Amino acid sequence: MPSTHHTKMLILGSGPAGLSAAIYAARAGMMPIVVQGLQPGGQLTITTDVENYPGFADVIQGPWLMEQMTAQAVHVGTSMIWDTIVDVDLSERPFRLTGDGGDVYLAETLVIATGAQAKWLGVPGEQELGGKGVSACATCDGFFYRGKKVVVIGGGNTAVEEALYLTNHSDDVTLIHRRDSLRAEKILQDRLFANPKIKVLWNKQVERFVAGEGVSGLVGVDLIDTVTGAASHEPTDGGFVAIGHSPSTELFKGKLPLDEDGYLQVTPGTSLTAIPGVFAAGDVTDKIYRQAVTAAGMGCMAALDAERFLAEAEYHALVEA
């Protein structure tokens, strides 16, 4: 039997942004509800070693970090619900959202923290070697490849930026692109071509990520020339897929402004969307940084923005009465 849930704050998504918003909201007495979505805990649940989240001297595990955040949110008064939202009505407050099992959520404020997913190549070995040499985030994982050989796959801004970043750790960076020219901005291309640590393999497409015999990690990539069809192999210790991200904003098309890449638009320096009472935080609105710590900070911002919004609404209601 479907249920109806009422809350001052409904949070969609249970990654660092959603859980940080929940912690702040719960401590403010807002009794938030977190709808956990298809991937409870967000992308950190598929991340192994985490070395750049403040507060931990030793390497920690992504799933463990999200378990701790979840426990903290529950401890201070957050309700966690396993559900996936399939319909959203933002035409009036309270906002009305419907879960895939028929449950209805009525919310005075809404925080959208549904995140974004890295785009993958979908080739053999990619999934199996995830966290064992294959990554989609150089900023997150580049540190683990100090002094090692790495490759970056892609040809846009993201790929060039990842390759340039990786030169902080590696003197042997190879950019692999399936065409004979890059899509990246010219200033980035100029920096790439001027960097002696980077070489480019043109017209090459990754066919397979290869693990060595008796070796659990990545040892190379099998390539196909997109012009001649010739096969080749590039040895490497790390492979970084940099072909973009897809924000989880399908529910909000036509209901909230999105940019050309599908990210939710907010007022700069805030979490405010175009609809009063609706806020966005984390990777769903951030295409630049995409870090757990920045997502957590944005979740804090969303909770504080929502708290102020409700206080102003209650004040105006009292004055009008």
Side-chain angles (χ1 to χ4, degrees), residues 1-46 63 66-117 246-256 258 262 264 271-285 295 298-299 302-303 305-307 309-310 313-314:
M1 185 75 177
S3 303
T4 299
H5 309 270
H6 300 259
T7 181
K8 286 186 176 180
M9 180 189 289
L10 183 68
I11 301 166
L12 304 187
S14 53
L19 292 176
S20 295
I23 291 165
Y24 274 80
R27 293 184 74 251
M30 297 173 70
M31 295 179 288
I33 292 175
V34 171
V35 176
Q36 294 179 281
L38 290 172
Q39 189 178 17
Q43 294 186 72
L44 274 181
T45 59
I46 57 172
M66 298 320 301
E67 288 173 6
Q68 295 301 304
M69 283 193 187
T70 300
Q72 184 180 5
V74 171
H75 176 72
V76 293
T78 301
S79 296
M80 308 290 296
I81 296 181
W82 293 75
D83 201 352
T84 302
I85 299 300
V86 295
D87 187 59
V88 177
D89 183 357
L90 305 178
S91 61
E92 60 181 356
R93 291 180 54 238
F95 306 119
R96 183 184 180 92
L97 296 88
T98 306
D100 64 359
D103 279 15
V104 172
Y105 301 85
L106 300 176
E108 294 299 322
T109 61
L110 173 65
V111 174
I112 303 168
T114 46
Q117 302 295 323
S246 297
S248 301
T249 54
E250 193 69 32
L251 266 178
F252 305 102
K253 288 182 178 178
K255 298 177 181 179
L256 285 168
L258 308 176
L264 283 170
S271 65
L272 281 64
T273 70
I275 297 179
V278 179
F279 308 90
D283 289 6
V284 76
T285 187
M298 294 174 73
D305 286 339
E307 186 183 356
F309 171 82
L310 286 176
E314 289 170 6

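Since the structure is predicted, the reported quantities are computational estimates derived from the model, not experimental observations.
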Is the shortest side-chain heavy-atom distance between [X] and [Y] below 4.5 Å?
| X | Y | value |
| --- | --- | --- |
| Val34 | Ile81 | no |
| Thr7 | Tyr105 | no |
| Phe279 | Leu272 | yes |
| Val74 | Met80 | yes |
| Tyr24 | Leu19 | no |
| Leu10 | Leu97 | yes |
| Met9 | Glu108 | no |
| His5 | Leu106 | no |

* Sole candidate of Val88, Thr84, Asp87, Ile112 that passes side chain to side chain contact (heavy atoms under 4.5 Å, CB included) when paired with Leu251 -> Val88
So, [X] side chain and [Y] main chain: donor-acceptor pair closer than 3.5 Å or not?
| X | Y | value |
| --- | --- | --- |
| Thr109 | Lys8 | yes |
| Thr114 | Gly13 | no |
| Ser20 | Pro16 | yes |

* **CZ (Arg96) with more than 12 external heavy atoms under 6.0 Å** => no
Heavy-atom pair of closest approach, residues [X] and [Y]:
| X | Y | result |
| --- | --- | --- |
| Val284 | Pro247 | O-CB, 4.2 Å |
| Met66 | Gly15 | CE-C, 3.6 Å |
| Ser271 | Asp305 | OG-OD2, 2.7 Å |
| Ala22 | Pro32 | O-CG, 3.6 Å |
| Ala113 | Ala17 | CB-CB, 4.0 Å |
| Ala274 | Pro276 | O-CD, 3.6 Å |

* Evaluate the criterion side-chain contact (heavy atoms from CB on, under 4.5 Å) for residue pair Asp83 and Asp100; output intermediate values, then yes/no. => CA-CA 7 Å; Asp83 201 352; Asp100 64 359; 3.0 Å; yes
Kindly compute the distance separating [atom1] ([X]) from [atom2] ([Y]), expressed to the nearest 0.5 Å.
| X | Y | atom1 | atom2 | answer |
| --- | --- | --- | --- | --- |
| Glu67 | Gln72 | CD | CD | 14.0 Å |
| Leu264 | Ser248 | CG | OG | 10.0 Å |
| Ile275 | Lys255 | CD1 | NZ | 9.5 Å |
| His6 | Met31 | NE2 | CE | 12.5 Å |
| Thr78 | Ile23 | OG1 | CD1 | 7.0 Å |

* Asked: For Thr4, which residues count as a side chain to side chain donor-acceptor pair (under 3.5 Å) partner, sequence neighbours excluded?
  -> none
* Asked: Could you go step by step and tell me if Trp82 and Val35 meet the side-chain contact (heavy atoms from CB on, under 4.5 Å) rule?
  -> CA-CA 6 Å; Trp82 293 75; Val35 176; over 6 Å; no
* Asked: Could you walk me through whether Thr98 and Asp103 pass the side-chain contact (heavy atoms from CB on, under 4.5 Å) check?
  -> CA-CA 6 Å; Thr98 306; Asp103 279 15; over 6 Å; no
